[in-house]
Each structure stands twice: as C-alpha cells, then as structure tokens.
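Throughout, a chain's letter reflects where its sequence line sits, starting with A, and its residues are numbered from 1.
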Amino acid sequence: MGTQFVSVRVMRVKRYGGLAWLRVSPLGFTADPGQFVMLWVPGLEAVPMSIAWMDSLGAEFIVRSVGETTKHIHELKRGDAIGVMGPLGRGISSVMNVHVHKVLLVGGGSGVAPILYTAGVLGARGYDVNIVLGFRSREEAGIREVFEHHGVDVTVVCEDGVGGPCDYEGLVTEPEFVKKLVTSADVVISAGPLPMMKAVYRLAGDKLIAIMESIVKCGVGFCGSCRLWPGGPLLCRDGPVFTASEIRRLLE
Amino acid sequence: MGTQFVSVRVMRVKRYGGLAWLRVSPLGFTADPGQFVMLWVPGLEAVPMSIAWMDSLGAEFIVRSVGETTKHIHELKRGDAIGVMGPLGRGISSVMNVHVHKVLLVGGGSGVAPILYTAGVLGARGYDVNIVLGFRSREEAGIREVFEHHGVDVTVVCEDGVGGPCDYEGLVTEPEFVKKLVTSADVVISAGPLPMMKAVYRLAGDKLIAIMESIVKCGVGFCGSCRLWPGGPLLCRDGPVFTASEIRRLLE
Amino acid sequence: MRDSRLAVEVGKLKLEHPVMNASGILAVDSSGVAELVKAGVAAVVTKSFTMEEREGNPTPVIIPVEAGYVNSVGLANPGINGIPEVVRAAKAYGKPVIVSIAAGNPEEAAKLAEVSVEAGADAIEVNLSCPHAEGRGLEVGYDRKLSKMIVESIVAVVGDRPVWVKLGLLDRLPERVLEFVEAGASAVVLINTIRAMVIDVETLRPVLGGIVGGLSGRAIHPVAVRAVYDVYCETGVDIVGVGGVYTWRDAVELIAAGARAVQVGTALFDKGLGVVHEIVTSLREYLERKGFSNISEVVGIACKR
Amino acid sequence: MRDSRLAVEVGKLKLEHPVMNASGILAVDSSGVAELVKAGVAAVVTKSFTMEEREGNPTPVIIPVEAGYVNSVGLANPGINGIPEVVRAAKAYGKPVIVSIAAGNPEEAAKLAEVSVEAGADAIEVNLSCPHAEGRGLEVGYDRKLSKMIVESIVAVVGDRPVWVKLGLLDRLPERVLEFVEAGASAVVLINTIRAMVIDVETLRPVLGGIVGGLSGRAIHPVAVRAVYDVYCETGVDIVGVGGVYTWRDAVELIAAGARAVQVGTALFDKGLGVVHEIVTSLREYLERKGFSNISEVVGIACKR
Ligand SMILES: Cc1cc2nc3c(=O)[nH]c(=O)nc-3n(C[C@H](O)[C@H](O)[C@H](O)COP(=O)(O)OP(=O)(O)OC[C@H]3O[C@@H](n4cnc5c(N)ncnc54)[C@H](O)[C@@H]3O)c2cc1C
Ligand SMILES: Cc1cc2nc3c(=O)[nH]c(=O)nc-3n(C[C@H](O)[C@H](O)[C@H](O)COP(=O)(O)OP(=O)(O)OC[C@H]3O[C@@H](n4cnc5c(N)ncnc54)[C@H](O)[C@@H]3O)c2cc1C
Ligand SMILES: Cc1cc2nc3c(=O)[nH]c(=O)nc-3n(C[C@H](O)[C@H](O)[C@H](O)COP(=O)(O)O)c2cc1C
Ligand SMILES: Cc1cc2nc3c(=O)[nH]c(=O)nc-3n(C[C@H](O)[C@H](O)[C@H](O)COP(=O)(O)O)c2cc1C
Ligand code: FES
Ligand code: FES
C-alpha cells in the first residue's frame, strides 16, 4: 500500500532507434494507467517513467534516450538490477466518467508508453478503444511490435513516410481518419510532445485528457520542481493525467 | 493486523460479588477466543485479561478483584478511558481440528471470561456446545446473566448451594451430568483455577484443551516471566490455550 | 477556522491555531506558499534558505521506507535572493511567516536573518539539524560553541522578532536547549529528520543521490514525543513539536508532551494537504469534548502524570 | 547450518554465521537460552545484567507503535548472580556466549565482567545505551570520560576476551567509536533502541510503566544502517549491526554498510524465532546467487559506491 521502492531485474531490452523497450521482473504493486515511477539506475539518477505495461509476471517501460540516465537504460542487459519507486501520480481512472464508451488514444514518441498500458487496461474493461501512434521515424515505429505482442491493434503515422511499420505519412493529427476518430470518440487520451498535444487539443477540445511531462525530482509532491506554471498544478501530485480544462493555458 | 494499542471508553460496569462485568467501546481489532489483551488502567498497571466477548459495537471483560489494578477496574465508571493492547497469544482455533463437533466448555470463577466468548464463537460456527460454570458463591454466579444476555445457555454449579442463579451444588466437576457431558464431548475446553483444571483433566484426559494463566509482564514473548515451568512454554506466546499433552506436567 | 480554544502563543508568536507546515515541504516558492495557506496552516514555515543557491542532491531525493520516508534533498533552495518572494507571498495572505535558514557560520546566519526580517519575516527558524547538508546541518548542531554563536548572531540582527532553533537528536538535549535559550532563542523546534539511509541489496549501493538522508514520518513520531517531553518537563521552554504528525492524536500527544504548536511535514505530501484542516477541526472537537477552554491547558500535561 | 560462505570473525570472535539475537530478548534464563540455540543463533547474547537484581518497570513494559515497539523494561534482570546460569546454559550447547552488562561506574563494570568471564563468557558486550535505565544507560554513553573508563576497566579484567561496546545514537558517533576502540574495545554494536515514548490522548498520561522507553523494530532500520555506514566508512572498525532486522535483505543492508555480523531483536518476538533460520538460509542463497565466496566480501561494500 502506498508508494514503495523495489529492486527489480531486467528481463528483456530491445531497441527501436531512439526508443528502447524494457521488461523487468514484477514490481509488487499495481498501478492505474497514466501513473509513473521513478526508475533508478544504480550509480546514476532516478528518472520519471510512465508504466507502459504491467502484468502479474512483469512490468514494461518504453524509454527514449535523451541524456545520461536514459542512455544508460538503453545499455541495460538481462539480469541487471534497477530500482523502481512507485506508483506515483494520478492515473486515468480518476478522470474517466461513466458516460465514456468510445475512447481514442493518441500517442507520440516516448508518449506511446502510457498509451500502451491505457489501451491494455481499457480494452480489458470493455471500452471501445482506437489507437493512433505517431513517430518521427520508421525505425522508432518498430516499437509497434510491442503493441502487437500485447494484442493491441494500432495505426501508425510516421513523419518519414509509409512502409514497414508505418501506415500513414505525416503528423499523427493530420490523416483524415484520425479527425473522424476524434469526432466519434467520447474522450481522447493523448501523450507525447507538447506540439502534438496542442494539435490534438485543436481537434478534440475538452474531450482531451492529456498525459503530461515536466521536470520531476521528488515525485511525491514536496519539492515544487514539476509545477506546470507558477500557481499551477504539480505534475507529480495532480497529474500526470490532466483534463484539458485543467491545463488549458498550456494547450492554447 | 498485528498487535495494537488502543484507547477505549468504558460503556458499562456491573458487579457480581468479586466479579465485575465490563463493556468497552470497540477495540478495532478481532480476536480468536482464548486470546487475551493487556488492559491498562491509567495511573496503574496493565494486566492480562481474556476477551470475554467481542462484537462490532464493543468488547467485554469479566474481572475478578484480586489486587490493586483489578480492584480499580471494579471502580471504573461509564466514560472512563482505559488502554487495551492486543490481541495477544494463541486462541482456540489453532487447536481445534475438523473432527470436532461436540464441545463441552467448563469455566470456573474468572475463567468464565474466555468461556463466554468461546461459546459465542463456536455456537455461531455451528458446533454443538454445552457449557457448565462453577462459582464459589451464588453472588458471583449472578454473572450468569451476562451469558444469558448474549443468548448463551449455561448450567451453573455453586459451592454454596442451589437457588438463584445456581442449578447445582458442589464443585463443577462433581455432578453426574457433567461427567456424562465429558464422556460424550469430542473436546472439553476449560478455564479456571488450576485445581479445577486438574479435576477436569481427570475426567477428560487428552480431550482437554486448557486456557491457562501465569504471570504475564510483556505479553509478547521476550521477557520470560510467563514461562509455565523451566524449559516449558511461554504462556503469552505459546498459549494461553494449550492441549492437555502440552501441559501434562501441570495437570497431573 | 478561528476559535479561541485553539489560539496559541509560541516563542513570542501569536497564532490562530497550533498547526503549521514543517520546513521543506512546498514553501520554496510563492506557488507552494499559496497552497499551504489554502490548506489552512496557522503560519507558513519556509524551506531552509542558504546564502548560495543549492541545486540539491541528484535523484532519487526521497525513498519510501517502513512507516516513513528517507529524504536527501540536500537543502535544495534558491539561496538568499529567494527569500523575499516567499515571505511576500505569505504576507499577501496575511499569514505569519517563519523563515527557516541554514548556515555554516555566524556571519552567513546574520545575513540570512537580516534579509528575512527586511522582507517581513515574523520569526526566524534556524535549522541546526539537517542530516544531509555538509557543514550546514547536524555538524553545526553538534558544535556547542559554533551553534550558540550562530543563534546569538541572529538574535543580534532581528530586533524583537522571535528566533526559533530547530534541533534533531542531540546528546543531553535539555541542556543544549537551555544554552540556546540563553543565546536568545524564544523557542525550540523538535525534531528534524533522523539521519538514515537505504542500501539496495542487489547492487549494494546507497540508493539516495545524496547517499545519506533523514528519516521522517510516522516511524519517528514516538521519538519526537519523548524529545519534546524530555525538554519540556526539564526546562519548560516553548516548543514547536514536529515528527510524524498525521492525525489530531499525534498532535495532542506532542502538545501533552510539552509542545505549544506542531508542524506537519511528511503527512502533507503522504496524506495530502487536506490533513491540516482535518487536524485543526479534530483538535477543536477534542478540546470541546474534553472541556478544555484553551489548548494551552494541555501543554505539557503529561509531565505531571 | 555450517557453510564456509557464512563463517565470520567479528570483534575477535569466530562465528559459524553472522546472525545472533539482540540483547534483551529471551536470554535472561536457561530456558530462553535453550530456545535461542534451537532457533539457530550463531552466538547467544544475554540480557543486560546489572550488579543488583532489578525488578524492572511496572507494566505495560512494551507498546506497539507504527512499524515497531516502544519498550521500557528498565533492565529487569536477576543481577550478577544470574550470570553463571545463563552462560552455562549456552556453553552446554557449545555456543559462544556474549554477556551483556550495564553499569554506572567502572568498579561495577569490572565486577560484572569478571563474573562473566569466570562463568565462561566468550565476550562482553557493555551496554552504554539503554534509553530507560537511569544511571546505567544512555547517560553513561553521553559521558565521554566515564564511558571510556568503564570500557577500560572491563578490558583490564577480561584478559584476551573481546569487549564489545553497544551504542545508540550519539553526537559524532564515529569519533566516539574510535575512543572506545582506543580504550580496548574490539567491536561496536550499533544501535540500541532510540529513546521514545507514547502518550495516551484520552487520559493524557504516558502509557509505559517506565514512562520513557526505546523504539525498536522496522521503524529504526534505516537509522541503524546509516549509523553502521557512518562508523564503518570513517573508521573501518568491526561492527555488529542491530536494528529492525526482519529479513535477509535487512541483514545484507547492514552488512553492506559495514557490519560483520547482525543481531535480531524485535523480529524474534514479532515474527517468531523461526526468523533466525529464515535469515541464515536466505543469506546463504544470496551469497551463492551473487557469487560471493564469503560474506566478508560484502562487509562495507556500500562505502565504495
Ligand atoms: C511523468 C513522466 C513520465 C515520463 N515517461 C516517460 C516515458 O515513458 N518514456 C520516456 O522516454 N520518457 C519519459 N519521461 C521523460 C523522461 O523522464 C526524461 O527523458 C528523463 O528524465 C531524462 O533523463 P536523462 O538523465 O536521460 O536526461 P537528462 O540529461 O537529465 O536531460 C535530457 C533532457 O530531458 C529533459 N529532462 C531531464 N530530466 C527530466 C525529468 N526529470 N523529467 C522530464 N524531463 C526531463 C531535460 O530537460 C533535457 O532536455 C517522462 C517524464 C515524466 C515527468
Ligand atoms: C492470559 C491471562 C488471562 C487472564 N484473564 C483474566 C480474566 O479474564 N479475568 C480475570 O479476572 N483475571 C484474568 N487473569 C488474571 C489477572 O491478570 C490477574 O488477576 C491480575 O493481573 C491481577 O492484577 P492486580 O494488580 O489486580 O493484582 P496484584 O496485586 O498484581 O496481584 C494479586 C494476585 O494476582 C496474581 N497476579 C498478579 N499479576 C498477575 C498477572 N500478570 N498474571 C496472572 N496473575 C497475576 C498474583 O500472583 C497475586 O496472587 C488473566 C491472566 C492471564 C495471564
Ligand atoms: C522532504 C523533506 C524536506 C525537508 N526539508 C527541511 C528543510 O529544508 N529544513 C528543515 O529544517 N527541515 C526539513 N525537513 C524536516 C521537516 O521539517 C521535519 O522536521 C521532519 O520531516 C519531521 O516531521 P514529519 O515527520 O512530519 O515529516 C524536511 C523533511 C522532509 C520530509
Ligand atoms: C524488549 C527489548 C528489550 C531489550 N533489552 C535490551 C538489553 O537488556 N540490553 C541491550 O543492550 N539492549 C536491549 N534491547 C535493545 C536491542 O538489543 C536492540 O538493540 C534494539 O531493539 C534494536 O534492534 P531490533 O530493532 O532488532 O529490536 C532491548 C530491546 C527490546 C525490544
Ligand atoms: S517533483 Fe517534486 S513536487 Fe513534483
Ligand atoms: S509475559 Fe513476557 S514472555 Fe510472556
């Protein structure tokens, strides 16, 4: 109960360009989609990571290599020990209401991580779920494989063209079918770079539920480092899942 | 979970000669019949007391006045605060086996306390339960009222004669019907003064399950004060519920 | 929330009720101050400020353990220049503000206190007990002479503003407290986190970025109660009790041990900010139920029993 | 249980594995010793003995709190005359026995040590840290001169038997430890319970019969780990780690911090005596899994990381 720190072992790592897929031994706690953990790489720092998948046999992360710690995560080998502190933050269940049936999930880049777990959980709960993912490159889009491995069907849009894992070319919000899916959905849950989220917001308006990122240090809500704007919410405590109205000033 | 210390309020006190019946507000934990608590009288000491009754609205004790602390318990008033640490020790469930259907309970003096709760719980679990209580005086036997209040039928044997609450005269093991009940029972659970327990043992042999007393200080098993004999079991940890074979040397 | 039963005076400061935040939680910028005020604290206690800005330790800066947390924030703070913003934020809400400062020598301490008072601080809380701030924490507290000089230097510059001294576990605590009172402190704040650490058994490394940290939360509550009790029963000085306050019961325990007010730290993030209101409301109910006309009647009452 | 991976030497004492009981749990008479031996401890550590018999404090002597217990046994023990029975009981099983003693002055200490050694004690553990034994505990530890003299007086009478010093939280712990080593101690035992108390909020009275007690159990584990770490990394002396050891992980943490052996206290009654076997077995598996050929390879390993 409550937040825990656990030591787990790496079971698999596979890279797809700048993204790595990481499976680790069970965390010993459960989490709501959208919640995150602090992933501690011994000898380096602890970084916030969305839970990308979780089952009784293990947990998964999808990690973009951007700096020292995430680069090291890409180099992890089977059997390596890492630390996980979680679950942290507020997940999607707190913002879903009973009138929601049709859900569209839109993920971009490393933002596909919480989308995968959200898809798995909402699918299992019987929601009607559509998923569209956007990537910069076909190489990264290879991570589609992980979704398929978990039986989650996706449509993939790549900035560098069609072919291989990529079904469409362009930005994830551009294809006509995406706009239609947005129109027919009761809510649109999105995670990815801010420009993408803004584009989704322009289509979805207040149907948007955004899974955000900011600079997280403590992860539990005392240090103030993750505050989205002066006077605004703390991402680690009040998010990372936000309704559009809660963070309108970032989306507009 | 585990042992707790809680502050409770006295709801009712009623005296029957040397015995007092005490009802207090809920303890916030559950207990197995035979388990005990340390009952702390603020300003005085904490003394071991069997749980005599427990339901969602409160807990009860039956207390003989023997020294400073128990005397003070007899003087408690509605609204007084006392402390309770528990549950402590091993209750009867650990020594009951599936072949037991017919249970005879024999209580004497303040030993009627754990017998009441045992009767309530075993009755609710569907066992065939008979209860015989022995008292020194008719005055004390008035506590029979508490059993009846809880819907528990008893037969009462008093050393000072028949009448009032007393159905038979003599020691609790003397009446012929008691001997018959012992013979037909699968187990005999008994609590009371050692001479009485020995007499029950002579009738019941290894069918006896005894709820014992000794000098309890810590109540949790580190101080050694409650050890039944050198090299023997710790009452607070290994008891107070014992099978006859575990404590034969005290019964013979 | 006003109720004369709850009004207290501690270390020369009058408060509408006895519940404040503990230093280090949220009050590091004006946004955090606003949240604490909204939560209903009687006064805002700032994060400990040092002369220079401190980035603090690498992550993780906090680890959950059995019944508490071990943190090693390393006194991360914006430095002396950050003081005015925080003080003004609290004053804008009309709240008393206690500026916590941490210094390695009397000169720094005096400077920090001066800036705080100029910005409008109602009191200074000098942190002599951070277990993870080399040269500005516990080590200073261990040094009888240096720590006394630090307190004196602050007292010299703050005029009639109260100076509180925040301590952790020290040998012969009551004696030490009297020395600080002699130096001019009007109250002591007891206790800071207890120096602690967590080692990962798979990699055999300390987990906290700062290696060693401080234990806070429910785990340390009985230790805080006796620290307050030892000091109050022996010295009678004004005490602000801190350590594992999660409920009104915890607050009453500290007050009965001798605290005139309490601070809530870990519970603010572990249970959420609503805990302040919950404690204040329940304290009022408690006083009513028990027939006390003011909470001061409870202060130190356990000493006599 | 023999396995060369687990064999250790700590404070001049050779042990088959690194897990002992902590002083104060059961080993107050021969029956308790027999139980501990059966549970599989590598050595028996006796209850602390004083010159005179002590009845101890009124009940309650222990209260459960969040993640631990506060106890105030008040050094209840049969006095110096009880030592031979306990020592002989352990020796009868061929177990090393460490006699814990508590004294207020060097003369008493020497006498207690002498009687222990005559009875066959393999080592003396001098308790300078009981938080609830007026004049024979913490206060002695706070007194640099007296506590050093006590250790010296014991060293003088025990010949080549090892003398261990049991400490709690002290200011500048590593420095203090070096003083005791200078006085002839071959190991320090870290940590004793942390002074603590519980107050009942309904009656506003301290609950423990002894009023103030000591906090033990899981709550204090991170504090014990850092005490061991601070002392080992700074001084390299032999350490026996104690505090909240419930599982092999807790034991490994203390060992990685610098302990050569560990003692289990609260878990012995809170989880039951089976905890010893569980920890020893799991430690062996851990060493195998990690490819360590002896547990000494883990000692203090976290210092370097
Ligand atoms: C709630 C949350 C969930 C996240 N989930 C994922 C995920 O599932 N997959 C993924 O790849 N990334 C995720 N991130 C982002 C990830 O935490 C950062 O990429 C990581 O911290 C960078 O660490 P580094 O040491 O490798 O890089 P650094 O060298 O520290 O920094 C590289 C870049 O990352 C940014 N950054 C650094 N620290 C953080 C931080 N603590 N939070 C956010 N950004 C930071 C910096 O501004 C810089 O631009 C998430 C972030 C948050 C807040
Ligand atoms: C597990 C257990 C369950 C018990 N349940 C009940 C119960 O339900 N009702 C009841 O009336 N009594 C019960 N007792 C006995 C009760 O604990 C004692 O009568 C009580 O402790 C006496 O306290 P005092 O301060 O009033 O008397 P004291 O002045 O302490 O002693 C008076 C007499 O009681 C005996 N005694 C003292 N302390 C203890 C002790 N800790 N344990 C046992 N005997 C002691 C003494 O030997 C002496 O003869 C139980 C005892 C145990 C061990
Ligand atoms: C995350 C965190 C940061 C802290 N920062 C400070 C600080 O800057 N200055 C200070 O004096 N105490 C600091 N403390 C100590 C608290 O003020 C408080 O004394 C301690 O945590 C015990 O109270 P609690 O159990 O309610 O948290 C901090 C505590 C925590 C948990
Ligand atoms: C009930 C109890 C009695 C104790 N008695 C003694 C004692 O006589 N001498 C001593 O040095 N330590 C004593 N201690 C302290 C323990 O030996 C140990 O240092 C402390 O409890 C921390 O370890 P733990 O968390 O494993 O219990 C006692 C502890 C407890 C809980
Ligand atoms: S990361 Fe510290 S408050 Fe959110
Ligand atoms: S009363 Fe202490 S061991 Fe049983």
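Heavy atoms from other residues, nucleotides or ligands lying under 6.0 Å from CZ of A:Arg125 number more than 12. Heavy-atom neighbours of A:Glu252 CD from other residues, nucleotides or ligands within 6.0 Å: above the threshold of 12. Surrounding CZ of A:Arg12 are at most 12 heavy atoms belonging to other residues, nucleotides or ligands under 6.0 Å away. Around the CD atom of A:Glu68, the shell of radius 6.0 Å holds no more than 12 heavy atoms that belong to other residues, nucleotides or ligands. Taking a 6.0 Å sphere around CZ of A:Arg136, one finds it holds 12 or fewer heavy atoms contributed by other residues, nucleotides or ligands. The 12-atom threshold is not exceeded at CD of C:Glu52, counting heavy atoms of other residues, nucleotides or ligands nearer than 6.0 Å.
Considering SG of A:Cys223 and CG of C:Asn71, their distance stands at 11.0 Å, rounded to 0.5 Å. With rounding to the nearest 0.5 Å, the separation of CH2 in A:Trp40 from CG in C:Asp200 is 4.5 Å.
Counting only distance, with no hydrogens or angles, the side chain of A:Glu45 and the backbone of C:Pro58 share no donor-acceptor pair below 3.5 Å.
When each of C:Val198, C:Val207, C:Val65 is checked for heavy-atom pairs under 4.5 Å with chain A, C:Val207 comes out on top. Residue with the most contacts toward chain C among A:Gly43, A:Pro230, A:Gly83: A:Gly43 (heavy-atom pairs, distance under 4.5 Å). Note on C:Leu268, C:Val28, C:Ile63: by heavy-atom pairs under 4.5 Å with chain A, the leading option is C:Ile63.
The minimum heavy-atom distance linking C:Thr59 with A:Ala46 is given by the pair OG1-O, 2.7 Å. Closest approach of A:Ser7 and C:Glu202 over heavy atoms only: OG-CG, 3.3 Å.
The side-chain heavy atoms of C:Asp270 and A:Phe222, taken from C-beta on, include no pair separated by under 4.5 Å.
Just one residue in the list A:Lys217, A:Met38, A:Met85 forms a side chain to side chain contact (heavy atoms under 4.5 Å, CB included) with C:Ile62, and that residue is A:Met85.
For a residue to count as touching a neighbouring chain, one of its non-hydrogen atoms must lie under 4.5 Å from one of that chain's; by this rule A:Cys218 touches chain C with backbone and side chain alike. For A:Leu234, the part lying near chain C is the side chain, with the backbone staying farther off; criterion is any non-hydrogen pair under 4.5 Å.
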